[in-house]
Structure formats: structure tokens, C-alpha cells
Amino acid sequence: MRKMSAAEARRTALAAQGFGRRRPAAVTRRTILDTVARTRLLQLDSVSAVVRAHYAPVFSRIGPYDRTLLDEAAWSDTARRPRALVEYWAHEAALLPVSDWPLMRWRMRRYRNGRWAGVRRVMERNPTLGKDILDVIAEVGPATAGEVERHLELDKPRPKGSWWNLSDTKVICEQLFAAGELSVPRRVAFARHYDLTERVVPPEILTREVPEADAVRELVRRAASAHGIGTEPDLRDYYRLHRAQTAPAIAELVDAGELEEVEVQGWDRPAYLHAEAATPRRVTGAALLCPFDPVIFCRPRLERVFDFHYRIEIYTPEAERVHGYYVFAFLLDGELVGRVDLRAERPAGRLLVPGVFAEPGRDTPETAAALRVSLREMADWLELDDVVIGARGNLAPLM
């Protein structure tokens with residue numbers, strides 16, 4: 001069995017994600033879609049402390065770009081520029097190439113009777129609500145759950161409590177989305193507008209049938225391409241698959257020569273190297289990686305590949321947070337060397353940096369200098385005038 005060092009595996013993983021490449025002189029829609037072709041998906045998240053999660057990985061890989069180009073690729077559809085990305089449950093809620101939609105049809109079938117127990121209870125007490133919602137949307141076109149609810153004359157006071165207290169209409173809209181009957185043609189202020197999937201996904205893609213085993217094998221192939229190298233749990237996690245699905249798919253891809261089983265120094269289980277993965281001699285450059293970046297979102301892989309223990313602390317009481325509310329990892333020349341608590345204060349035009357923390361042995365002037373450049377670049381991209389660095393963290397005195 002071929003053996004690789006941990007450093008080689010790390011460089012392979014970063015190269016597969018598009019790091020270490022020369023930045024484009026000009027960023028076009030094609031540039032952005034080429035980036036997504038490497039990551040395979042962009043996770044969506046409602047937190048906007050700095051910038052929405054799906055925008056950040058593109059910036060990390062190609063630098064400043066016009067975010068409307070990504071918006072148009074996902075939430076606009078014209079004869080000249082057809083929709084290129086579509087929303088669905090991939091690695092959590094995500095944008096993925098519209099051509100990948102049929103690969104998720106098996107999951108849509110599994111979700112048809114309710115994605116989780118709470119949804120099933122709502123469906124049981126509202127047996128006709130799904131059809132009523134579909135009828136409204138068929139008549140009025142794309143609509144938010146609130147708009148649908150008003151059309152159904154169901155608008156009523158909600159119980160007080162946490163933000164996830166959803167109305168039954170919202171729950172069923174989400175269920176219809178999970179089952180593939182509704183899709184999302186556009187977002188306004190990040191609110192989903194639902195429409196019939198047949199009016200969002202092109203007919204030649206909508207009608208394409210892929211057997212589950214073939215679809216899973218293709219998803220594992222895509223995950224392996226995005227990872228470059230990964231263990232079975234890594235490949236499984238990328239699209240939230242199950243081991244019973246991924247194990248036979250990996251075996252088939254190994255037999256076909258598309259994956260090679262290798263031994264990585266320090267890894268506690270076999271790894272699978274994609275046949276087209278590159279292992280550069282160096283990965284240079286700096287990037288800020290958001291908590292939902294594909295390099296970051298699988299925490300066990302992150303710790304194994306980068307020796308970087310990361311936990312998101314959004315839901316941790318402020319007094320108990322170690323690094324901060326919304327913390328980006330700092331990638332420098334192929335290693336994760338620090339973490340940065342960030343906040344965009346848009347009305348004041350400031351990028352707030354309450355804390356800057358270097359990994360052991362990386363609290364150096366070189367790390368601080370590179371981070372200052374990256375923070376200034378991010379501020380310019382977000383059209384913020386000032387970068388305000390706080391006092392928290394062992395790197396703060398050098399900033």
C-alpha cells in the first residue's frame with residue numbers, strides 16, 4: 001500500500017479545494033462556477049455576523065469578487081444566463097450545481113413522509129396543508145411561507161419563544177422542499193421564496209432518473225474529488241451519507257481505479273486518494289476560512305488533517321466562549337496558524353476583530369503581518385472602511 005506523509009495529505013486536501021492557485025486577474029461568473037466545481041457545494045447558513053456563509057469560501061479561494069455574480073447563479077434564471085446552482089440538503093442546506101439535483105432524488109423520496117419526527121406530527125394534524133400550499137404557489141408563483149400563510153388565511157399569533165418556533169405552514173413548506181416538490185428560485189433578504197420545482201429545475205434535469213446506488217457512488221466520487229484525500233467518514237460526511245451507502249461505493253471506485261487506498265502517517269484509518277488529485281510541493285498564500293467552509297465543517301477531519309481543534313461558539317454563553325462568537329480560521333502557507341473573531345459593523349463601516357489567536361509557536365510578526373493584509377482585504381471586499389482590532393488573544397499585541 002502506498003504511504004503518504006501527513007504534510008503531503010494536507011497539501012493534497014488544500015489543492016483539491018482550490019488553494020495555492022494563482023488568483024484570477026478578473027472574476028467572472030465562470031470563475032465563481034469553476035470555484036464551486038472544486039468545492040462541489042456551498043453550505044448555507046442564516047448567520048450574517050460578517051457575511052453569509054456561502055459567500056465566504058469563494059472569497060477565500062479567489063479573493064474579492066462581486067457577490068451579485070453568485071446570487072445570479074443561484075437565484076436568477078434567464079435565457080441568456082440559465083440558473084447554474086440550486087438549493088437542497090447536501091452537507092446541510094447548500095447550494096450545489098443544478099445538474100446535481102437528480103443525484104439527490106433518493107433523499108427526496110426518503111423525506112417524502114417527513115424529514116424528522118416533528119414534521120411528521122405537523123403533517124398528521126394538517127393532512128391537506130401540503131396540497132393547499134402547492135395549490136397556492138401554483139396560482140400565485142414564488143412566495144415566502146408567510147405569504148403563503150396569508151393566502152391561506154392562517155396568519156395567527158405565534159407562541160413566544162426561540163427563533164425556531166415555526167408556523168405549521170413554514171414547516172410544511174420546508175417539508176415540501178425536502179421532498180423535492182418545492183424549490184427556491186430566489187431569496188430576498190435571505191428569506192426563501194418557494195416555487196414548484198418544475199418551474200425551477202430545467203425539465204431535462206427534472207426528468208432524469210438516477211438509481212440510488214449510482215447516485216451515491218457519484219456523490220462519493222464528488223466528495224473524493226473535493227477532498228483530494230479522505231477517510232471513509234470524510235467521504236461520507238461531505239453529503240451526509242451513511243456508511244452502508246459509502247462503503248460499497250468506495251469499494252467500487254477503488255476497483256475502477258478512481259480511488260487508491262493509501263496509508264497516511266498519523267491517521268488512524270485507511271485513506272482514499274482521488275486518481276486526479278494533485279500533491280503540490282508547496283501551498284502558499286493566506287486565507288480566512290469561515291466556520292462553514294468545506295475545509296472546516298467536518299471537525300474530526302479538520303483535527304486529523306490540520307491538527308486544529310475547532311468548535312463554533314455561537315450558542316455558547318458569551319462568558320464561556322474561548323475564542324469568540326463567529327471565528328474564522330487563518331490559513332497561511334498550507335497550515336492553519338490562527339483564529340480570528342470577526343464582526344462586520346456595517347452602519348459604522350467597520351470590521352471588528354475582538355480577538356486574534358495564534359496556534360502554538362505561530363504568534364510571530366510574520367503571522368501578524370499576513371493576517372493584517374487578509375483583514376484589510378476582507379474589509380475592502382465588504383466595503384468597510386476601518387479594521388478595528390481588539391485586545392483579546394495572544395496575537396493581538398503584534399497586530
Side-chain angles (χ1 to χ4, degrees), residues 1-21 33-42 84-86 88-91 94 96-110 204-205 207-281 283 294-295 297-298 300-301 304-305:
M1 184 185 298
R2 179 177 170 187
K3 296 184 178 181
M4 296 181 70
S5 70
E8 287 174 323
R10 185 169 59 248
R11 295 197 301 271
T12 302
L14 288 171
Q17 281 285 318
F19 291 102
R21 299 167 63 88
L33 294 180
D34 286 346
T35 303
V36 179
R38 287 182 173 277
T39 65
R40 299 293 180 176
L41 54 82
L42 296 172
L85 305 174
V86 68
Y88 192 63
W89 292 101
H91 182 95
L96 63 160
V98 68
S99 57
D100 285 1
W101 191 88
L103 301 178
M104 299 296 178
R105 195 187 293 276
W106 62 271
R107 178 169 285 165
M108 297 170 193
R109 292 194 186 99
R110 292 190 181 188
E204 67 274 14
I205 294 174
T207 57
R208 182 178 164 221
E209 290 286 344
V210 183
E212 180 175 338
D214 294 344
V216 168
R217 185 170 56 253
E218 188 59 38
L219 292 173
V220 172
R221 182 183 285 117
R222 280 159 163 67
S225 172
H227 276 323
I229 186 170
T231 64
E232 183 275 327
D234 296 341
L235 302 183
R236 184 199 323 162
D237 179 78
Y238 213 73
Y239 290 97
R240 294 292 203 240
L241 302 170
H242 295 284
R243 190 179 188 281
Q245 295 173 303
T246 55
I250 289 171
E252 291 172 11
L253 293 170
V254 169
D255 287 344
E258 296 184 57
L259 296 182
E260 178 188 357
E261 185 174 348
V262 298
E263 180 183 330
V264 178
Q265 182 183 12
W267 290 22
D268 61 356
R269 62 186 71 205
Y272 300 92
L273 178 69
H274 191 274
E276 297 179 1
T279 304
R281 298 176 75 175
V283 174
V295 171
F297 60 41
C298 182
R301 172 179 170 82
R304 184 186 337 104
V305 178

Restricting to side chain to side chain donor-acceptor pair (under 3.5 Å), what partner residues turn up for E276, sequence neighbours left out?
none
Could you tell me if the ring centre of H91 sits under 6.0 Å from that of F297?
yes
Sequence neighbours excluded, which residues qualify as side chain to side chain donor-acceptor pair (under 3.5 Å) partners of T35?
none
Between the main-chain N or O of P280 and the side-chain N or O of R11, is there a donor-acceptor pair closer than 3.5 Å?
yes
Please check if the number of heavy atoms outside R240 that lie under 6.0 Å from its CZ is greater than 12.
yes
Between Q265 and S5, is there a side-chain donor-acceptor contact under 3.5 Å, judged purely by atom types and distance?
no
From CA spacing to verdict: salt bridge (Lys or Arg N to Asp or Glu O under 4.0 Å), R208, E204:
CA-CA 6 Å; R208 182 178 164 221; E204 67 274 14; over 6 Å; no
Residues in side chain to side chain donor-acceptor pair (under 3.5 Å) with Y238, at least two apart?
Q17
By side chain to side chain contact (heavy atoms under 4.5 Å, CB included), R109 pairs with (sequence neighbours left out) R105, E209
Among residues two or more places apart or on two chains, list those pairs meeting side chain to side chain donor-acceptor pair (under 3.5 Å) that have a residue in residues 252-264.
R2-E260, R217-E252, R221-E258
So, does R243 use its side chain to make a donor-acceptor pair with the main chain of P233 at under 3.5 Å?
no
List in chain and number order the residues that pass side chain to side chain donor-acceptor pair (under 3.5 Å) with T12, two or more places apart in sequence or in another chain; answer none if no residue qualifies.
T279
Can you check side-chain hydrogen bond (donor to acceptor under 3.5 Å, both in side chains) on R301 and H227, steps first, answer last?
CA-CA 10 Å; R301 172 179 170 82; H227 276 323; 3.1 Å; yes
